[in-house]
Number of protein chains: 2
Amino acid sequence: MPTIYDVAEAAGVSIATVSRVFSGRAPVTDASRERVLAAADALGYRPNRMAQALAGGRTKALGLVMPFTLSNPFYTRIAEALIAHGRQRGFEILFALAERTDPDSYIDAQKSLLDRQVQGLLIVSNTETAHLCREALPGDPPPMAAVGCLPERGLPLATVDEEDGGYRATRHLIELGHRRIAFLGLAGMPPRPLGREHGYLRAMEEAQVEAHAIDTPVRLQDGEQALDAVLRQVPDATAVFAQNDALAIGLLRALAERGIRAPGELSVAGFDDLPMSALTVPSLTTVRVPVDAIAVEAMRLLLDSGDNGCDRQVVIGPELVARESTGPPRGS
Amino acid sequence: MPTIYDVAEAAGVSIATVSRVFSGRAPVTDASRERVLAAADALGYRPNRMAQALAGGRTKALGLVMPFTLSNPFYTRIAEALIAHGRQRGFEILFALAERTDPDSYIDAQKSLLDRQVQGLLIVSNTETAHLCREALPGDPPPMAAVGCLPERGLPLATVDEEDGGYRATRHLIELGHRRIAFLGLAGMPPRPLGREHGYLRAMEEAQVEAHAIDTPVRLQDGEQALDAVLRQVPDATAVFAQNDALAIGLLRALAERGIRAPGELSVAGFDDLPMSALTVPSLTTVRVPVDAIAVEAMRLLLDSGDNGCDRQVVIGPELVARESTGPPRGS
DNA sequence: CTGAAAGCGCTTACAG
DNA sequence: CTGAAAGCGCTTACAG
């Protein structure tokens, strides 16, 4: 690989000039620029980013800490949007996948990114984990923003309004005529992500009907277990609102297996609007998370904050997407 | 951030000794080691990887070039497996996502990885793209391996036996009694990935029935278009074999929308075995790609090749997973 | 606008 | 086993 010395020699200038041409941040005559560019092109020169980072301190790289379960479509959508917007702003996004969802795994992942001298850190996780990541930051930390957690003081954050989303989904079911509506949500995660459930509870209270929140894991493969829990705990439920689309899709499958019609006997609503959610049978009513807008705001928080922005929070409103999996309650 | 000098001072040794302790590749007395480790720990020292890479030439990082569509579950499964096995072998995996699927985007992504001085390159793509990436490699290139493409000379490669997978899926349909079986596959990608289709053609020929390969895009959202094509081109088809599960799932949805029963009126088989494929209604018969084994072999090709291995190809056998979406043909 | 020089934080022969 | 020194390929004040 040719180095900056090779280019300088070929172009008949000093390495400082070559550096100036490539960084674009210093005055160079057009003549010099052209000769340097021509020489670089001829040699196939590309600056060594390790050396640039070491000498300049700036890496033009941002770190993204995510759960290891890349196959979770919601995370990958966030990642795609973040990469796209980072690129537009001239930053490369470096991934670090947390091996598990516990805080230590996140902190390890964060450190590996810091070792690469990233200029900013994006954390996709729940609020507590993001907070712990923040505390684990070294003395002279790069800016950090959390993505998609619940709002909480002291952490710049771009997220969807989960409470409002939960409220909208529940209102939708209530307006269809449902009164026995169960919420299916996350158990055992410290802390429980409460936003969606809170929205559900508020809508139920407002409608003066009894709420039933059921603890269940929320993955694709947990549909059967969740359905069992519903049938046991709220046997006369006519609708369920699931914490996320993955669980809702698993639930749809479990219902089909038992011959329970959706929405005829049980309406199902989810949260996320995965690409898959429009294509299940029946297609899934859900709450669309504005992933793109979240990514834009997260980049803004990270890069445009100046000195003041360290505590800003941007909460973006979601949108209800009504599809086939919800309908009037049975017997109405 | 503390540097190696801070640690050396605190431990009362030279920076060379600190470096030796952290690299683990040189003799140090236990006493020195302990003092260095204690000092490093107290200061929160972590080696600057940029400096390590620049000074040592080795980065302990491998590059992974993938299509930008992270949300394609097949790619993310490959990525997960690669990351897991890379870690086990002490390597970090750096991603570069090709913005589009054209070769130039891949080459750009590859270059950005090379700029980071990765010690090896993994290309997830079709064979032609991988070949072009290889040709674009600079004078002194790191080892490279292609993952999941079709076999072709001159490129180390770990992949599934696509032809065999296509054959097995088709045999499964034939053994169920089907004779009118359409293949739904990729159009317009240069070159067309022919493996799965070849397996289909071989099975059809062997059974002495007429083959019907239909060109169609293969994404989740292409199910409707693909179904139209089948109904138009092979109206009496009793089964289809789709190039991948995404398309097969889309197809299932399209069938449900038109009230065509699967497998009653049309059996559907896919290829990939996505997590989702077990949970559709009906669940999807498919060919399981041994993602984990492929990842292990890819790492082996990259890291254990010595000088000889540059041309090795590992083709791993797939497995048929029979589920609900296939059954005997109508009227049998 | 341009060059010579110092320095970023490490690793690696080279002596000892 | 250990230290002093050179050097990895850049960027950045500092002069001019």
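Just so it is clear: chains get the letters A, B, ... in the order the sequence lines come, proteins before strands, and each one is counted from 1. Heavy-atom basis, side chains included; hydrogens, waters and symmetry copies ignored. Since the model is a prediction, treat every value here as computed from it, not as a measurement.
Between B/F22 atom CZ and C/dT12 atom C1' there is a gap of 18 Å when expressed in whole angstrom units. Rounding to whole angstrom units, CG of residue A/D30 and P of C/dT2 are separated by 10 Å. Atom CZ of A/R46 is separated from atom P of D/dG9 by 17 Å (rounded to the nearest Å). Between the P atom of C/dC8 and the CG atom of B/D6 lies a distance of 11 Å, rounded to the nearest Å. Put simply, CG on B/N48 is 18 Å from P on D/dC8, counting in whole angstrom units. For the pair B/M1 CE and C/dG9 P, the computed distance is 11 Å after rounding to whole Å. When rounded to the nearest whole Å, the span between CZ of A/R49 and P of D/dT11 equals 11 Å. Note: CD (A/Q117) to C1' (D/dT11) measures 15 Å, nearest angstrom.
The nucleotide C/dT2 finds its pairing partner in D/dA15, both defining distances of the Watson-Crick or G-U wobble pair being shorter than 3.5 Å.
For B/R58, whose side chain is taken as the heavy atoms from C-beta onward, the closest listed nucleotide among D/dC10, D/dT2, C/dT12 is C/dT12. Comparing D/dC10, C/dC10, D/dG9 by their nearest atom to the side chain of A/I15 picks out D/dC10. Proximity note for B/T29 (side chain, C-beta onward) versus C/dG3, D/dT2, D/dG9: the nearest is D/dT2. For A/Q52, whose side chain is taken as the heavy atoms from C-beta onward, the closest listed nucleotide among C/dT2, C/dC10, D/dC10 is D/dC10. Checking D/dT2, D/dT12, D/dC10 against the side-chain heavy atoms of B/R20 singles out D/dT2 as nearest. Comparing D/dA4, D/dC8, D/dC10 by their closest approach to the side chain of B/A55 singles out D/dC8. Checking D/dG3, D/dT2, D/dG9 against every side-chain atom of A/I4, the shortest atom distance belongs to D/dG9. You'll find that the side chain of A/Y5 is closest to D/dG9, out of C/dG9, D/dG9, C/dT11.
Residue B/M50 is the one, among B/M50 and B/A16, whose nearest nucleotide of DNA chain C lies closer to the 5' end (criterion: closest heavy atom). Each of B/A51 and B/V13 was assigned the nucleotide of DNA chain D with the nearest heavy atom; the assignment lying further toward the 5' end belongs to B/V13.
Nucleic acid contact for A/P27: base, since at least one base atom lies under 4.0 Å from a heavy atom of the residue.
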Starting from the C-alpha separation in whole Å, work towards a yes-or-no answer on side chain to side chain contact (heavy atoms under 4.5 Å, CB included) for B/V28 and B/V13. CA-CA 11 Å; B/V28 186; B/V13 297; over 6 Å; no

One pair to check against side chain to side chain contact (heavy atoms under 4.5 Å, CB included): A/S32 and A/V21. What are the steps and the verdict? CA-CA 8 Å; A/S32 302; A/V21 169; 5.6 Å; no

Show your reasoning for whether side chain to side chain contact (heavy atoms under 4.5 Å, CB included) applies to A/E92 and B/R116. CA-CA 11 Å; A/E92 217 176 313; B/R116 295 194 169 279; 3.2 Å; yes

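The heavy-atom pair separating A/V65 from A/A109 by the smallest distance is CG1-CB, 3.8 Å.
Annotation for A/E9: atom CD does not count as buried by contact number, only 12 or fewer foreign heavy atoms lying within 6.0 Å.
Taking 4.0 angstrom as the limit, A/T17 places none of its side-chain polar atoms (N or O) nearer than this to OP1 or OP2 of C/dC1. Taking only side-chain nitrogens and oxygens, B/S19 never comes nearer than 4.0 Å to OP1 or OP2 of C/dT12. The side chain of A/T3 contributes no N or O atom lying less than 4.0 Å from OP1 or OP2 of D/dG9. Within the 4.0 Å cut-off from OP1 or OP2 of C/dT2, at least one side-chain nitrogen or oxygen of A/S32 is found.
No side-chain heavy atom of A/L94 sits less than 4.5 Å from a side-chain heavy atom of A/T59.
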